[in-house]
Amino acid sequence: MKVVNTIKELKELLAVCRSEGKSIGLVPTMGALHAGHESLVKRSVVENDVTVVSIFVNPTQFNDKNDLKNYPRTLEADCALLDKAGATIAFAPSVEEMYPTEDTRQFSFEPLDTVMEGACRPGHFNGVAQIVSKLFYAVEPDRAYFGEKDFQQLAIIREMVRQLGLGLKIVGCPIVREEDGLAMSSRNTLLSEDERERALTISGTLFASVGFAEVNTLEATKAFVEDMINDTPGLELEYFQIVDGNTLQEIAQWDDSDYVVGCIALFCGNVRLIDNIKYKGGE
Ligand code: PAF
């Protein structure tokens, strides 16, 4: 596996691959890689001749300076994981490389970006769109891989590809969970032992809510999840919304959509975690 730090070097390598008729898969990441990322890389390796994995903690998508400062950075271990998973190129640029001048582009993905993460983290999705579009222009992949844990991000990236008229395919990949159910996240490494234990309530509650939802109203299911989280000391719920999986808008009753997803965000101590669960459709 080659590690490159500049767009010029990346483009030169990829031009050779393309001239040989090779297909290119891209897995954008912010590093601190875990088995969830590994599953995206392995899928790309199966579906493409060349797999590029970007490792870049993107400052423009952090609305909280401390969050950016504390975000885990583990480049050496990341490269070892990628090499083993079969990636062809790790692209690890500096901030100056990706933002030689300020990116003043303003994206709008209304109404997808005005709810949930968009409402709680102003500017977050604009930053995601800025960096992901730059990566798409630099790599020009045939396919790009994103995890369904960031459910709203995935919907917004699909919309961005539509708006920009890009020809690549966006591949959404299932959430990978720890054996005990906790959704894999780079932020999990920031949890203390005690917080890690409490965080289990998140997936436990979401799984339990699926059975509850089968015999209860949507309103009651929402209250079930909210109460379970609010009753757990050390967890601070930011939102739990039951939404249409395509529009991401809240629905009032199960029959309002064929594709229904519950999305949650909360603080476990100082660590912000998200997760989601499918109630209906979306296969
Ligand atoms: O999901 C992430 O890790 C980031 O938002 C992404 C897509 C790599 C953009 O920085």
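In what follows, every heavy atom counts, from backbone to side chain, and hydrogens, waters and symmetry copies are set aside. What you see is a predicted model, and the numbers here were worked out from it, not measured in a lab. Both counts, for ligands and for their atoms, begin at 1 and track the order of listing.
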**Student:** Identify whether the distance between the nearest side-chain nitrogen and carboxylate oxygen of Asp256 and Lys280 falls below 4.0 Å.
**Tutor:**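 Not counted as a salt bridge, because no side-chain N and carboxylate O are separated by less than 4.0 Å.
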**Student:** Keeping Arg143 on the side-chain end and Leu26 on the backbone end, is there a donor-acceptor pair under 3.5 Å?
**Tutor:** no
**Student:** Within a strict 4.5 Å, meaning less than it, do heavy atoms of the Pro141 and Val52 side chains meet?
**Tutor:** no
**Student:** Check ligand 1 against the protein and report each N/O to N/O distance under 3.5 Å, formatted as atom name, atom name, distance.
**Tutor:**
{"unit_1": "ligand 1", "atom_1": "1 (O)", "unit_2": "Gln153", "atom_2": "NE2", "d": "2.8"}
{"unit_1": "ligand 1", "atom_1": "5 (O)", "unit_2": "Gln61", "atom_2": "NE2", "d": "2.9"}
{"unit_1": "ligand 1", "atom_1": "5 (O)", "unit_2": "Gln153", "atom_2": "OE1", "d": "2.7"}
{"unit_1": "ligand 1", "atom_1": "10 (O)", "unit_2": "Gln61", "atom_2": "OE1", "d": "2.6"}

**Student:** Rounded to the nearest 0.5 Å, what's the gap from OH on Tyr71 to OG on Ser186? Could you check?
**Tutor:**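 OG of Ser186 is found 3.5 Å from OH of Tyr71.
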**Student:** Which pair of heavy atoms, one from Ala138 and one from Ile7, lies closest together, and at what distance?
**Tutor:** CB-CG2, 4.0 Å
**Student:** Which ILVMFWY residues are connected to Met184, directly or by a chain of links, through side-chain heavy atoms under 4.5 Å apart?
**Tutor:**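 Members alongside Met184: Val176.
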